[in-house]
Structure formats: C-alpha cells, structure tokens
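Notes follow once the structure below has been shown.
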Amino acid sequence: MDGQDVIIAGAGAVGVCSAYELGRRGARVLVLDPEPPGRGCSFANAGLIVPSHCMPFASPETLRGAPGWLFDRRSPIRLALRMGPASWRWLRWFLLTSRGPSAERRARALHKLSNASLDLYAGHAEEGLEFGFRRAGWLHVFRHERAFEQAAEEVRHLEAFGVRTERLGPEEVRRMEPVLRPGTVGGWLYPDDAQIDPFAFVQGLAAAAQHHGVNIEQGLEVTGLRVRSGRVVAVETGAGERTADHFVVAAGAKTPAILDALVKNLPLQPGRGSSYTHSGSKRMIRQPLEFVEARVVASPLGDRLRLTTGLDLGDDRPGPVERHLQWLRQAAVAYLDLQLDGELESWGGLRPMSPDGLPLVGPLKNWPNLHLATGHGQLGMTLAPITGRIVASLIAGDGHAWADAFAPARFGI
C-alpha cells in the first residue's frame with residue numbers, strides 16, 4: 001500500500017483504529033475531526049469489551065419489551081423518531097429483521113467479531129499500550145426473582161454461541177461485590193468480558209498511529225464529499241477541500257449528514273445515551289456491573305465510578321438527558337452502598353444505530369473508494385479494533401472473511 005492516500009472522517013475509536021491499521025500497512029493517512037481523538041462517544045462510555053452482549057438490538061426480545069419502554073415516561077429507553085421518509089424506512093427494516101429468524105445468525109456474527117476485537121485489545125496491551133485493559137468479567141445483578149429466572153433463557157442462547165456464563169446466588173454475588181446493598185437475589189457472570197479506559201485507549205492508539213505516519217488534524221469537520229466520474233475525489237471542510245484516493249467515514253451519528261448529497265435515507269438513527277462519572281469515592285466496586293432491572297451499567301475506572309444508561313432512539317440533541325441522569329442517581333442509591341459525594345461529571349452522546357443491529361463496514365455500491373465504518377450502536381468500543389482491521393484489509397484489496405456480513409450493500413447502498 002506504499003504511497004496510497006486515505007482520508008478518515010472521525011477520530012473516535014473506530015476512526016483511530018482504522019487509521020492505525022492503515023498506517024501500520026504503510027498507507028499515508030489523514031484523520032479529520034472537529035475534536036481531539038476520543039472526545040465523542042469514546043470519551044465517557046462504560047469502557048466495556050463485551051462479546052457476551054451479542055444479541056442485536058433488532059431482535060424478538062426488543063420487540064417484546066418495546067411497548068413497556070415507549071409508554072413509560074420514566075424509562076431510560078424511548079422512541080423519539082421524527083417520522084420522515086428516512087425514519088419510516090429505518091423502522092420498517094428494524095421490524096422486519098427483529099421478527100425474522102435472522103437474529104441468531106446476526107448474534108453469532110457479532111460474537112465472532114467481538115471476540116476478534118477482544119484479542120486485538122489484548123495484543124495492544126501486550127505491546128505496551130496503557131489503557132487499563134483487564135479481563136474483569138461482567139456481572140449482571142438482579143433484585144427480582146422473576147427477572148433473574150427470565151434471564152436464564154437468554155443465557156442459554158448465549159451459551160449456544162460459546163459464551164461462558166456462571167450463575168451466582170445472592171451470597172456469591174455479595175462476596176464478589178461487597179458494596180452492593182442487600183436485596184440482590186442473584187447474578188449472571190460473564191467471565192470472559194473485559195474493561196478498558198476508553199479515552200485512554202483512543203488517545204494512546206492515536207499516538208501509536210502517528211508513529212506510523214498517520215496525520216491527525218483536529219478542528220476540521222468534514223461537511224461533505226465531492227465526486228467525479230463515479231468516484232469520491234475530495235472531502236469538503238471549513239478550510240477547503242482535501243483530496244485522496246480512498247475515503248472512510250467513521251463519524252458515528254454524524255455520518256448521514258456527511259453523505260447526504262450521495263446517499264439519501266442512510267439506514268442510521270442516533271441513539272442518545274448519558275453517563276455520570278463520580279470521582280473521589282473512598283470505596284469502589286471491584287468490577288463492571290449491570291443493574292439489570294434498572295438498565296444501568298456501572299464501571300470502575302481507578303478512583304472513578306462511571307454509571308451509564310439510556311437509548312433515546314432518534315434524538316439527535318447534544319448533551320445528557322435529564323431523565324437519564326435522574327435514573328442513574330436513583331440506581332446508584334438503590335444498588336450501591338457508596339458515598340458518592342466527590343466530583344461529578346455528566347455527559348451525553350449519540351450512538352449510530354443500524355436497523356438490524358450490525359455495523360455498516362465497507363465500500364458503498366456506487367462509490368467503491370468510499371468506505372463506511374459506522375452503525376455500531378452500543379458496541380462501538382467493543383468492535384472498534386476489528387472494524388479498523390476490516391477497513392484496512394478492504395482498502396488494501398485483501399478482502400476479509402467477515403466483510404460481507406457487515407457490508408452496506410445489504411441495504412442496497
């Protein structure tokens with residue numbers, strides 16, 4: 001790939017991983033983003049690397065739970081789609097794939113992809129990149145017997161894909177996590193899941209990519225694309241055009257705006273989520289937790305505790321959702337015996353949600369030198385390294401065994 005030029009729009013986890021893999025192969029790469037690397041959704045998420053979380057959002061389970069979410073004003077999951085043509089098309093695809101028999105096939109694909117990504121994270125850690133990588137496991141905590149028993153059916157599906165699980169009684173859960181309040185009825189442990197500091201990872205890998213010759217320019221936002229003779233020839237920015245041979249749009253929920261002149265009704269919707277990060281607590285949880293009934297994830301990051309929740313589908317407003325933050329405060333009090341009176345930082349971000357729950361990775365049908373790397377939903381950090389490797393393989397012309405499952409061509413684009 002000597003001498004080949006690639007421009008990447010987006011310096012989040014996916015964009016930086018793509019830049020690193022391309023730079024490692026010898027490509028001359030330029031990454032453009034209005035913010036420093038990792039300041040978007042990579043900045044304040046839970047930092048979980050979770051092959052166990054492989055059931056796609058578009059699934060029969062989601063359809064069964066949707067009515068309760070939509071009509072409960074307190075729910076952290078809400079439908080906020082603006083019902084124009086793009087939203088109707090997205091919702092139609094979502095309903096078709098949720099009801100079909102393909103959910104298991106897509107779950108298996110996500111599990112394979114997630115495990116490959118986990119291996120790449122481990123490799124980065126072994127090479128000396130410091131980002132808090134540890135195979136801490138992920139403990140799902142239950143406070144109601146009915147929910148605990150209902151979870152067993154999903155666990156059986158996951159075990160069929162090769163996910164390791166451990167069922168824990170209330171005393172075992174309390175021994176594993178002493179700061180949980182009384183009232184826990186049991187838990188499911190996914191011991192192979194891992195945790196990272198997401199911002200540290202993106203910053204560290206960005207520096208590693210620069211050692212391979214990657215140029216990262218912050219303060220420049222890609223606003224559009226210029227085409228000629230069936231190929232993209234330049235990106236448009238506030239500082240003029242930048243030309244290259246290949247282009248990668250890894251701009252998360254901003255991707256549809258960049259592609260608007262080329263692809264109408266791109267099958268992506270924003271999913272707005274929120275987090276609280278507490279620092280200064282004298283006690284800390286030992287490992288990542290999910291408070292299942294509350295739909296809240298708790299992650300220990302050194303002396304910080306990060307709580308995350310929320311999926312307001314179709315809401316593209318910036319910043320955290322006050323309803324989410326209230327939900328997080330209530331969950332912290334209900335589940336944890338901690339004095340969270342230190343510094344507090346709230347955050348909100350937009351996840352790019354595809355209608356079938358799989359990312360969109362690969363070239364567009366009508367623009368073969370334009371690649372997408374987006375649509376990862378709630379698995380952006382989990383899937384970032386393997387997405388970068390797939391992108392680099394496709395641009396190099398090597399192909400990739402898993403590329404077809406995630407190709408944008410499945411939506412006719």
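As the structure is a prediction and not an experimental result, all values here were calculated from the model. Values below: all heavy atoms of this structure, side chains included; hydrogens, waters and symmetry mates excluded.
- Geometrically, Arg143 engages Tyr335 in a cation-pi contact, judged by NZ or CZ lying under 6.0 Å from the ring centre and within 45° of the ring axis.
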What do the steps show when you test Arg304 against Ser299 for side chain to side chain donor-acceptor pair (under 3.5 Å), and what is the final call? CA-CA 8 Å; Arg304 295 169 294 153; Ser299 302; over 6 Å; no

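- Of the charged side-chain nitrogens involved, at least one lies within less than 4.0 Å of a carboxylate oxygen, so that Arg242 and Glu217 count as a salt-bridged pair.
- For the residue pair Arg226/Thr243, the side-chain donor-acceptor check at 3.5 Å is not satisfied.
- Between Val361 and Leu383, the closest side-chain pair of non-hydrogen atoms is not below 4.5 Å.
- In this structure, CG in Asp337 is found 4.5 Å from CZ in Arg181, a value given to the nearest 0.5 Å.
- Between Ala209 and Ala19, the shortest heavy-atom contact is CB-C, 4.5 Å.
- The shortest distance between side-chain heavy atoms of Glu61 and Met55 falls below 4.5 Å.
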Checking Asp5 against His246 for the side chain to side chain contact (heavy atoms under 4.5 Å, CB included) test, could you report, in this order, the C-alpha distance in whole Å, the side-chain angles of both residues, the deciding distance, and whether it holds? CA-CA 6 Å; Asp5 293 325; His246 294 272; over 6 Å; no

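- Salt bridge Glu322/Arg317: absent, no basic N to carboxylate O contact under 4.0 Å.
- Tyr20 and His212 have perpendicular rings, their planes meeting at more than 60° on a 0 to 90° scale where under 30° would count as parallel.
- Within a 6.0 Å radius of CD in Glu130, no more than 12 heavy atoms belonging to other residues, nucleotides or ligands are found.
- The backbone N or O of Pro198 lies less than 3.5 Å from no partner atom in the side chain of Ser42, so there is not a single donor-acceptor pair.
- Contact record, Val29 with Gly23: CG2-N, 4.1 Å, taken as the closest heavy-atom pair.
- Side-chain contact check for His324 and Ser274: at least one donor-acceptor pair (N or O, by modelled atom type) lies under 3.5 Å.
- Between the side chain of Asn369 and the backbone N or O of Arg231 there is no donor-acceptor pair closer than 3.5 Å.
- Salt bridge annotation for Arg25-Glu21: absent, with no cationic side-chain nitrogen under 4.0 angstrom from a carboxylate oxygen.
- Counting only heavy atoms from C-beta outward, the side chains of Val163 and Asp192 never approach each other to under 4.5 Å.
- Side-chain atoms of Arg306 and Thr277 form a donor-acceptor pair, as typed in the model, at a separation below 3.5 Å.
- Side-chain contact between Val248 and Ile395 is present, with at least one heavy-atom pair separated by less than 4.5 Å.
- Annotation for Pro51 and Ser114: closest pair CA-CB, 3.6 Å, computed over non-hydrogen atoms.
- Looking only at distances, no side-chain donor or acceptor of Asp197 sits under 3.5 Å from a matching main-chain atom of Phe131.
- Atom CG of Leu158 is separated from atom CH2 of Trp188 by 10.0 Å, given to the nearest 0.5 angstrom.
- For the residue pair Thr223 / Glu236, no side-chain donor-acceptor distance below 3.5 Å is found, with atom types taken as modelled.
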Does Leu370 form a side chain to side chain contact (heavy atoms under 4.5 Å, CB included) with Leu262? I'd like the steps, not just the answer. CA-CA 11 Å; Leu370 174 61; Leu262 302 185; 4.0 Å; yes

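- Side-chain contact check for Val263 versus Leu364: some heavy-atom pair is nearer than 4.5 Å.
- Val31 is listed as a side-chain neighbour of Val214, based on a closest heavy-atom distance under 4.5 Å.
- The minimum heavy-atom distance linking Cys54 with Leu110 is given by the pair O-CD1, 3.4 Å.
- A donor atom on one side chain and an acceptor atom on the other are found under 3.5 Å apart for Thr387 and His376.
- Between Arg24 and Glu127, no side-chain nitrogen of the basic residue sits less than 4.0 Å from a carboxylate oxygen of the acidic one, so the salt-bridge criterion is not met.
- Atoms CG and CE, from Leu301 and Met284 in turn, are 8.5 Å apart once rounded to the nearest 0.5 Å.
- Checked against a 6.0 Å centroid threshold, the rings of Phe406 and Trp402 do not count as neighbours.
- The two atoms that bring Leu338 and Arg283 nearest to each other are CD2-CB, 3.6 Å, heavy atoms only.
- Remark: side-chain polar atoms of Ser117 are paired, donor with acceptor, to backbone N or O of Ile386 under 3.5 angstrom.
- Nearest heavy atom pair, residue Ala331 against residue Ala294, reads CB-CB, 4.3 Å.
- Checked against the 6.0 Å centroid criterion, the rings of Phe247 and His371 do not qualify as a close aromatic pair.
- Using modelled atom types and a 3.5 Å distance limit, the side chains of His53 and Asp193 yield no donor-acceptor pair.
- In this structure, the side chain of Glu290 does not engage the main chain of Arg295 through any donor-acceptor pair within 3.5 Å.
- One N or O on the side chain of Arg272 and one on the backbone of Gly319 form a donor-acceptor pair closer than 3.5 Å.
- Distance check: Leu266 CG to Ile258 CD1 gives 10.5 Å after rounding to the nearest 0.5 Å.
- Within the 3.5 Å criterion, the main-chain N or O of Asn265 finds no donor-acceptor partner in the side chain of Trp90.
- A distance of 6.0 Å or more separates the ring centres of Phe201 and Phe133.
- In this structure a side-chain-to-backbone donor-acceptor pair under 3.5 Å is present from Thr97 to Trp93.
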Worked verdict on Leu307 versus Val297 for side chain to side chain contact (heavy atoms under 4.5 Å, CB included): CA-CA 6 Å; Leu307 299 166; Val297 172; over 6 Å; no

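- Leu118 contributes atom CG, which lies 9.5 Å from atom NE2 of His111 (distance to the nearest 0.5 angstrom).
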Please lay out, stage by stage, how Gln218 and Glu35 fare under the test side chain to side chain contact (heavy atoms under 4.5 Å, CB included). CA-CA 5 Å; Gln218 64 189 58; Glu35 300 287 342; over 6 Å; no

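- At least one side-chain heavy atom of Arg410 sits under 4.5 Å from a side-chain heavy atom of Leu360.
- Considering CG of Asp356 and OG of Ser59, their distance stands at 11.5 Å, rounded to 0.5 Å.
- In this structure a side-chain-to-backbone donor-acceptor pair under 3.5 Å is present from Ser354 to Leu358.
- Side-chain contact between Leu32 and Ile8: absent, with no pair of heavy atoms (C-beta onward) separated by less than 4.5 Å.
- For Gln195 (side chain) and Pro300 (main-chain N/O), a donor-acceptor pair under 3.5 Å exists by modelled atom type.
- Look at Arg78 and Asp315 and you find no salt bridge, because none of the NZ, NE, NH1 or NH2 atoms lies under 4.0 Å from a carboxylate O.
- By the 30° and 60° cut-offs, the orientation of the rings of Phe148 relative to Phe142 is tilted.
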